Structure formats: C-alpha cells, structure tokens
Participant: 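Sending over a structure as structure tokens; questions will come in a sec.
Predicted model only: the values in this text are computed from it and were never measured.
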Amino acid sequence: MSILNDTEAWGLLLGAVTPWATALIQQPTWSKSIRTLVGALASAAVGIITVLARGDIAHAQTALTTVALAIVASKSFYDGLWQHTGAKAMEVATAKDRRAGW
C-alpha cells in the first residue's frame, strides 16, 4: 500500500504545511486565543477538505482520524519547526497595516 493512497497520511502531510499557509492570514496584532482559534479552524478545514477530496467522508473513523491528524500535525509542526523557521516573519510581512502602504 502506498502512503499516497492513505487518507490519514494525506491529512498528516497537509496538516504539517498548514501553519505556513495560515501565516498568510494571521495578524501579529491578534490575541493569542484568536490566533489559536484561526489555526485550529484552518487545520480542521484542511482535514475535512482532504477527506472530501479522497472520497472518504462516509467512513466516520477515517474522517475523524484525518481531521484529528491534520490538527495535531499543524500544531506540532508550528511549535517544533515553523515558528522558528519563518512563519512569524511571514505573518509580519503579510500584516494588514504593512500592506496598506503598498
């Protein structure tokens, strides 16, 4: 079985890159609770979209596992890697007040 045929693996992989995509919309001026909520919702959306794209929405266990893996992977990769390798810089670079002057 190839890893690319596994819905849960796709949820894990896509969840790992979700923090960088989320950094494009996150604003440095938002409170920590709002930033956490936005990140969690984005990760859950990635998991749901992955399940829908793979056609596994009827399989409740696969769907719930994939969504959970996307959320956990996103949080883990943000805390362990992305936070230290540029996600914060991307948030600052795409901040609303910074773009207003362009």
Participant: Would you compute the distance between atom CD1 of I71 and atom CG of L12 and round it to the nearest 0.5 angstrom?
Facilitator: 12.5 Å
Participant: Would you check if there is a donor-acceptor pair between the side chains of S74 and T18 at a distance under 3.5 Å?
Facilitator: no
Participant: Would you find more than 12 non-hydrogen atoms of other residues, nucleotides or ligands less than 6.0 Å from F77 atom CZ?
Facilitator: no
Participant: Tell me whether I49 shares a hydrophobic cluster with L14, the cluster being built from Ile, Leu, Val, Met, Phe, Trp, Tyr side chains joined at under 4.5 Å.
Facilitator: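 Looking at the clustering, L14 is in a separate group from I49.
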Participant: Check whether any side-chain N or O of Q26 sits under 3.5 Å from a backbone N or O of R35 as a donor-acceptor pair, and report yes or no.
Facilitator: yes
Participant: Nearest heavy-atom pair of T94 and Q27: which atoms, and what distance?
Facilitator: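 What the structure gives for the nearest pair is O-NE2, 3.7 Å.
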Participant: To the nearest 0.5 Å, how far apart are CH2 in W30 and CD1 in I25?
Facilitator: 6.0 Å
Participant: Can you hop from V51 to L64 via hydrophobic side chains spaced under 4.5 Å?
Facilitator: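 Per the 4.5 Å side-chain linkage, V51 and L64 are not co-clustered.
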Participant: Could you give the distance from CD1 (I57) to CD1 (I48), rounded to the nearest 0.5 Å?
Facilitator: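 Separation between the atoms: 7.0 Å.
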Participant: Can a donor-acceptor pair be found between the side chains of T62 and D56 at a distance below 3.5 Å?
Facilitator: no
Participant: Scan V67, L69, T66 and name whichever one has a side chain to side chain contact (heavy atoms under 4.5 Å, CB included) with T50.
Facilitator: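 Among V67, L69, T66, the one that satisfies the side chain to side chain contact (heavy atoms under 4.5 Å, CB included) with T50 is T66.
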Participant: Distance check, rounded to the nearest 0.5 Å: H59 atom NE2 versus T7 atom OG1?
Facilitator: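 H59 NE2 to T7 OG1: 9.0 Å, rounded to 0.5 Å.
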